[in-house]
S.K.: 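Have a look at this one.
In what follows, every heavy atom counts, from backbone to side chain, and hydrogens, waters and symmetry copies are set aside.
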Amino acid sequence: MKKRFIAGAACPACQQIDTLRVWRENNIDKVECVSCDYHDSRLPDSAQQSHSGAESAENVIGIFKPE
């Protein structure tokens, strides 16, 4: 897993510039500040659009539950 710094980005918690690094772990984008220990994680934009609320529920035909 390669962690990369985000050039010119300011940390939302401590407002320090050039201290945020980002990487992807299990298809989840992770961000952390090396200065204040701020952490954030979220699904990539493409995954958020494909998993949007009621629209994906309409596409479900049924759920298989093995007994």
S.K.: Kindly give the heavy-atom pair with the smallest separation between Ala10 and Leu20, and that separation in Å.
M.R.: O-CD1, 3.7 Å

S.K.: Calculate, to the nearest 0.5 Å, the distance between atoms SG and CD1 belonging to Cys11 and Ile6 respectively.
M.R.: 10.5 Å

S.K.: Hey, are the side chains of Pro12 and Tyr38 touching, using non-hydrogen atoms and a 4.5 Å cut-off?
M.R.: yes

S.K.: Supply the atom-to-atom distance Cys36 SG to Gln16 CD, rounded to the nearest 0.5 angstrom.
M.R.: 8.5 Å

S.K.: Under the salt bridge (Lys or Arg N to Asp or Glu O under 4.0 Å) rule, what pairs show up with a residue in residues 1-23, not counting sequence neighbours?
M.R.: Lys3-Glu32, Arg21-Glu32

S.K.: Would you call Asp29 and Arg24 a salt bridge, taking side-chain N to carboxylate O under 4.0 Å as the test?
M.R.: yes

S.K.: List, by chain and number, the other hydrophobic cluster members for Phe5, where Ile, Leu, Val, Met, Phe, Trp and Tyr join if side-chain heavy atoms come within less than 4.5 Å, directly or indirectly.
M.R.: Val34

